[in-house]
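See structure below.
These numbers come from the heavy atoms of this one structure, side chains and all, not from hydrogens, waters or symmetry mates.
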Amino acid sequence: VAVAAPTGNFVADWSDDWAEALEGWKLSGQLTAATDSTSKGISETQGNGQLSGAATATRGGFYASARLKNVKSSDGSDYQSALAVGGRWTVGPDIHLNSQIIYKVNGGARPGSDTHFVEWQNEASRTFGRTTLKALTIWSPDSSGSTQEALYYELGAAQKLSDRWSVSGGLGERRTEPKRNYTAWNAGATLALNAKTSLDLRYYDTNRHEYSKAHGERLVLALQRRF
């Protein structure tokens, strides 16, 4: 008895499923090159330059991102990777909110170092004409190294001078357990080179230079490109 040869595609074709799953998502990226670095008001690279990059997938108000940058920490780590999930909302025409959970890992640290930690970061801003007021909080239940619970909060303002120029500044406070608190401040100017590229020159300082070189004053030039 002759049996007809089967016809059809016996290799699963997932292209339609992938297309449907990815529909509505937007991908973006960011690269930054700076003469120094800053996190929570202090240097992450002990006065050395920093390269950082991020890739973000966004759908509606929800986003997920992967980030990588070089650091120079007291635990010997020389880079930090991070994964974040979060959401952005607009309340009324002028109030913008951004909340994210970030899982960070310090790479290259000495064996036995505490290198994995989670941070909850919240930002809020409101614009009045050419002036924007900003508030930031970063909380960790158990930060890296010997630092346990830690909270950083900062208030800032930005003033748009023209379509390309703006000036801004901020005043922040970090409180940690064990206690190693400090106050940090910054002020600088930003130039929009084009729609996706900016150049920022900023002065940073803290009230606790005795803690480490990272807490000292510095002038940082940063070039940022968005994709």
- Might you point out which heavy atoms bring R110 and G76 nearest each other, and give the distance in Å? NH1-N, 3.6 Å

- Look only at the side chain of T176 and the backbone of R180, and say whether a donor-acceptor pair between them is shorter than 3.5 Å. yes

- Task: Would you mind listing every ring-ring contact (aromatic ring centres under 6.0 Å, His included) that reaches into residues 102-148, with sequence neighbours excluded?
- Result: none

- For T137, enumerate each residue passing the side chain to side chain contact (heavy atoms under 4.5 Å, CB included) test, keeping only those at least two apart in sequence or located in another chain. N122, Y153

- Item | Residues L201, L219; criterion side-chain contact (heavy atoms from CB on, under 4.5 Å); working and verdict | CA-CA 7 Å; L201 181 63; L219 193 63; 3.9 Å; yes

- Message: Show the nearest heavy-atom pair for residues A150 and R174, with the distance to one decimal.
- Response: CB-NH2, 3.5 Å

- Message: Hydrophobic cluster membership, with links at side-chain heavy-atom distances under 4.5 Å among I/L/V/M/F/W/Y: are L51 and L223 in one?
- Response: no

- Trace of the side chain to side chain donor-acceptor pair (under 3.5 Å) decision for N98 with Y63: CA-CA 10 Å; N98 182 1; Y63 64 88; 2.6 Å; yes

- Item | Worked check of side-chain contact (heavy atoms from CB on, under 4.5 Å) between R175 and E149 | CA-CA 9 Å; R175 297 185 175 275; E149 185 176 5; over 6 Å; no

- OG of S39 to NZ of K69, rounded to nearest 0.5 Å, is 5.0 Å

- Task: Tell me, with the steps shown, if T35 and L221 meet side-chain contact (heavy atoms from CB on, under 4.5 Å).
- Result: CA-CA 6 Å; T35 57; L221 181 66; 4.0 Å; yes

- Query: Which atom names give the shortest non-hydrogen contact between L136 and Q121, and what distance separates them?
  - Reply: CD1-CG, 3.7 Å

- Query: Has the side chain of Q50 got a donor or acceptor atom that lies under 3.5 Å from a matching backbone atom of N70?
  - Reply: yes

- Task: Kindly determine whether T206 and I42 satisfy side-chain contact (heavy atoms from CB on, under 4.5 Å), including the steps that lead there.
- Result: CA-CA 8 Å; T206 79; I42 64 174; 3.9 Å; yes

- Note on the structure: On a heavy-atom basis, the closest approach of K104 and A82 is CG-CB, 4.0 Å

- Query: Can you list every ring-ring contact (aromatic ring centres under 6.0 Å, His included) pair that touches residues 155-206, not counting sequence neighbours?
  - Reply: Y182-H215

- Message: Quick check for you: to the nearest 0.5 Å, what is the distance between T56 atom OG1 and Q30 atom CD?
- Response: 7.5 Å

- Message: Is it the case that the side chains of R67 and S65 hold a donor-acceptor pair, with the cut-off being a distance below 3.5 Å and no angle test?
- Response: yes

- Just checking, any donor-acceptor pair under 3.5 angstrom between side chains of D114 and S144? no

- On a heavy-atom basis, the closest approach of L97 and A124 is CD2-CB, 3.6 Å

- Item | Pair T127-T132, side chain to side chain donor-acceptor pair (under 3.5 Å): steps then yes or no | CA-CA 4 Å; T127 300; T132 300; 3.1 Å; yes

- A189 and V167 have their tightest heavy-atom pair at CB-CG1, 4.1 Å

- Task: To the nearest 0.5 angstrom, please state how far the OG atom of S52 sits from the CG atom of L31.
- Result: 7.5 Å

- Query: Quick one: do E177 and K179 make a salt bridge, cutoff under 4.0 Å?
  - Reply: no

- Query: Just wondering, more than 12 heavy atoms not from K72 lying within 6.0 Å of its NZ?
  - Reply: no

- Message: Do V105 and I101 land in one hydrophobic cluster if side-chain heavy atoms of ILVMFWY residues count as linked below 4.5 Å?
- Response: yes

- Item | Flag if over 12 foreign heavy atoms under 6.0 Å of CG, D163 | no

- Message: Run the side chain to side chain donor-acceptor pair (under 3.5 Å) test on R202 and S168 for me, step by step, so that the C-alpha distance in whole Å, both residues' side-chain angles and the decisive distance to 0.1 Å come before the verdict.
- Response: CA-CA 9 Å; R202 192 160 300 275; S168 58; 2.7 Å; yes

- Note on the structure: Applying side chain to side chain donor-acceptor pair (under 3.5 Å) to R225 and not counting sequence neighbours gives T197

- Item | Over 12 foreign heavy atoms within 6.0 Å of NZ, K134 | no

- Message: Under a 3.5 Å threshold, yes or no: a donor from one side chain and an acceptor from the other, between S140 and E119?
- Response: no

- Query: In Å and rounded to the nearest 0.5 Å, what is the CZ to NZ distance from R130 to K160?
  - Reply: 6.5 Å

- Task: Only pairs at least two apart or in different chains count here, so list each side-chain hydrogen bond (donor to acceptor under 3.5 Å, both in side chains) that has a residue in residues 75-95.
- Result: S73-S77, D75-S77, Q80-N106, T90-H96

- Under 3.5 Å, is there a donor-acceptor pair between the side chain of T183 and the main chain of E173? no

- Message: Quick check on the hydrophobic clustering: are L155 and Y152 connected, directly or via other members, by side-chain heavy-atom contacts under 4.5 Å?
- Response: no

- Query: Between V118 and V71, is there a shared hydrophobic cluster once you connect ILVMFWY residues whose side-chain heavy atoms come closer than 4.5 Å?
  - Reply: no

- For the side chain of S43 and the backbone of T45, is there at least one donor-acceptor N/O pair under 3.5 Å apart? yes

- Task: Could you walk me through whether E154 and K40 pass the salt bridge (charged side-chain N to carboxylate O under 4.0 Å, His left out) test, one step at a time?
- Result: CA-CA 9 Å; E154 181 178 295; K40 306 171 188 71; over 6 Å; no

- Task: Name all residues meeting the salt bridge (Lys or Arg N to Asp or Glu O under 4.0 Å) criterion together with R218; count only those two or more places apart in sequence or in a different chain, and write none if there are none.
- Result: D36

